[in-house]
Amino acid sequence: MSSSEKPVRTRFAPSPTGFLHVGGIRTALFGWLVAHQAGGQFILRLEDTDKAREVAGADEHIIKSLRALGLDYDEGPDKGGPYAPYRQSQRLDSYKAWAQKLIDAGRAYGDPLSPAEVQALRDRARAAKKPFLYRDYRPANPPAWDGARPLRFKSEPKAYKWHDEVMGDLSTGPEVIDDFILIKSDGYPTYNFAHIVDDAEMKISHVIRGQEFLASVPNYLNLYEALGLERPRLATMPHILGPDGNKKLSKRDGAKDVLDYIRDGYLPDALVNFIASLGWNDGSEQEIFSREELIKKFSLSHVQKSGARFDERRLEWMNGHYIRQMGVEQLSDLLNKSPNDYWGKGKSAEPTYKKAVLAQVIDRLKYLSELPQLTGFFFTKPSNQSVRQLYEAPEDRLLKDMPKGQMGSLLKAASQKLHTSQFDPDNLQACLNSLLEELETKPGVLFPIIRIALSGAQSTPSLPGVLSVLGKSESLARMASAEKILES
RNA sequence: GGCCCCAUCGUCUAGCGGCUAGGACACCAGGUUUUCAUCCUGGCAACAGGGGUUCGAUUCCCCUUGGGGUCACCA
């Protein structure tokens, strides 16, 4: 019974209980890729059957996150579609109907035990270091289901072998099959039941989900059979692990909301590329994949079976790469269009000036929110304090033992010479070079003195670059004020 | 504890019986006639351990070890 000819429809089915981190996004991304590759549909379905854990606004947040990364879906709660609604809390009738079929077939029954009683049984099993199986206590004559008790699946334990698109061939014995709850006493279905019904009704072809569901698959297989449903293809994603520990990436381990990455100025394409490469590769040595390449080359069978650690430095590198690849024009456009202000002090500066500044710093930008820190001095004069501080305790070895008076006279000489120069990078370079000869000093001495005067920082883009962007009058004014500081 | 999954440089990974075990990030050194960065060049660095199978194992099998998941009226 192959499902290979069925049209490809994948879904991302988060529960609205919080934000989306990289792990969640990766699951969504892979589903999105599988769908796009086959010209199929990608569906968003909200699994909001636990009203206690539900977080207000989480659904909006999830939708925003997907949108921010360009992972558009064809059907979803806010979009509708042929199998609407796409919110489980609005599909209760559907679950009831399927549940009734099971009851009629003698494959579901009301659970007579109270939660406390079940818990007592569970504790006992645990104390005996045995796995807990409800079916060991299955009532001989269960009460009719009245909707106020949980409805349990009457399982038929057996061994299973099945194929997982990522993990390969898997198998388990009958001892893992149990009577799990289909519908809770509050009337909502459990994930275990609802997702199976929905996937079938929505004609989902591939179920792509995290490793935490692997152990439940045999139970799902048992339920598919009871329901007479053909099971979709199954693909299990290994977990993404935290940077240091081996634990699954979680909020506690510092997993960040993907929207925070967006806000910090990580580019959607870079983020997508990075997340895809966490656990997937095409078998070649390629590292950078455009979205189109990803769609073309992605394959579930090339997804790594083992968990991947999340390395933020690699993300930074990749993002920097994407930024550089974009170039000044495009980056400038993007900055203008962004709802976020990455410019800081430079916010209201002239567009052409901002572009010139961008050209100076684009090579050292790892993410956009670094911009203010990198460019501040282009827009406002450095504080006297920061200039003084650097002159008094310079980190440059050559400057360390130099008296302030000497620095002052070097700066003065530089000022005078620069006064005669054209302020374009080439002429400035030439000017600085001849200045070195005239003053018989080394670049390692003279340049930091000028740099500090201009920027109040010990490292900046190249001096000719900085001078030419700042312009003659501003540069000379800053140098003059630094001279005063050195005199005092 | 039962069951299931996993295991190549610090990290992400290539490898699908024969390779000097390759690439990328990070790190280190040198270069791009000043700093930081970019870019280029070079370097450091891995098959968890033990048994098999085989002419030959990183690769196939078994055991051990280690890591993870699961055993909810959460998903």
Side-chain angles (χ1 to χ4, degrees), chain A residues 13-17 47-50 52-53 111 114-115 118-119 122 125-134 149-152 164 166-168 170-173 175-176 178 180-192 194-195 209-218 236 238-239 241 243 245-248 274 277-288 304-318 320-321 324 360-366 374 395-396 398 432-433 436 442-448 450-452 455 457-464:
Chain A
S15 63
T17 51
E47 313 232 312
D48 57 343
T49 54
D50 185 349
R53 287 206 318 149
D111 180 353
S114 72
V118 178
Q119 189 55 45
R122 206 182 339 262
R126 201 193 181 102
K129 302 210 169 193
K130 307 244 300 213
F132 171 71
L133 283 174
Y134 184 95
R149 304 171 173 286
L151 181 71
R152 279 195 188 260
D164 185 285
V166 172
M167 294 297 177
L170 303 174
S171 61
T172 53
E175 69 280 355
V176 301
D178 197 14
F180 56 91
I181 289 179
L182 302 168
I183 295 187
K184 298 179 269 185
S185 56
D186 64 2
Y188 284 89
T190 58
Y191 165 85
N192 299 147
H195 89 273
R209 88 237 293 186
Q211 210 183 49
E212 64 270 26
F213 296 104
L214 198 52
S216 307
V217 167
T236 299
H239 283 140
L241 313 170
N246 292 318
K247 281 201 225 103
K248 172 186 163 187
F274 173 75
S277 70
L278 256 188
W280 172 84
N281 69 84
D282 71 342
S284 77
E285 287 177 352
Q286 188 171 347
E287 310 279 346
I288 302 296
Q304 203 76 8
K305 291 181 184 174
S306 53
R309 233 161 292 218
F310 179 85
D311 184 3
E312 206 164 52
R313 286 176 305 183
R314 192 173 156 84
L315 207 211
E316 286 184 356
W317 161 76
M318 193 170 277
H321 177 91
R324 271 169 256 132
Q360 295 298 317
V361 301
I362 190 168
D363 280 349
R364 63 205 66 203
L365 214 48
K366 290 198 286 291
L374 250 31
E395 297 210 359
D396 290 78
L398 292 173
L432 289 171
N433 285 344
L436 288 173
K442 292 177 186 166
V445 172
L446 180 63
F447 290 178
I450 301 175
R451 170 170 291 116
I452 291 167
S455 67
Q458 60 167 5
S459 62
T460 68
S462 78
L463 228 34

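Lettering follows sequence order; numbering is per chain, from 1. The structure presented is a predicted model; accordingly, all values stated were derived computationally and were not measured.
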**OP:** For A:P218, answer base if it contacts any base atom (sugar-phosphate contacts may also be present), sugar-phosphate if it contacts only those atoms, and nothing otherwise; contact means non-hydrogen atoms under 4.0 Å.
**Re:**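 Nothing: the residue A:P218, judged by heavy atoms under 4.0 Å, touches no strand.
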
Subject >> Protein-nucleotide distance (A:F213, atom CZ; B:C71, atom P), rounded to Å >> reply: 10 Å

With [X] via side chain to side chain donor-acceptor pair (under 3.5 Å) - residues at least two apart:
X	result
A:R209	A:Y191, A:H195
A:D363	none
A:R122	A:Q119

Original post:
Taking any strand in view, what nucleotide pairs with B:A24 in a Watson-Crick or G-U wobble way, both distances under 3.5 Å?
Top reply: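 Per the H-bond distance test, B:U11.
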
Subject >> B:C55: pairing nucleotide in any strand, Watson-Crick or G-U under 3.5 angstrom >> reply: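 Because both required distances fall under 3.5 Å, B:C55 counts as paired with B:G18.
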
Report the residues that fulfil side chain to side chain contact (heavy atoms under 4.5 Å, CB included) with [X], sequence neighbours left out, ordered by chain and then residue number.
X	answer
A:P16	A:D48, A:E54, A:A58, A:D59
A:S216	A:Y220
A:S284	A:D282, A:Q286
A:R53	A:S15, A:T17, A:D50

**OP:** Treat primed atoms plus P, OP1 and OP2 as sugar-phosphate and everything else as base, then score nucleotides 22-34 of chain B 5' to 3': B for base contact with protein heavy atoms under 4.0 Å, S for sugar-phosphate contact only, - for none.
**Re:** BBBSS-------B

Anything under 3.5 Å between a protein N or O and an N or O of nucleotides 4-7 of chain B, put it in a table, one pair a line.
none

Subject >> Residue-phosphate contact under 4.0 Å: A:R152 side-chain N/O, B:A72 OP1/OP2 >> reply: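 No, outside the criterion.
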
Subject >> Pair A:K366 + A:E312, salt bridge at N-O below 4.0 Å >> reply: no

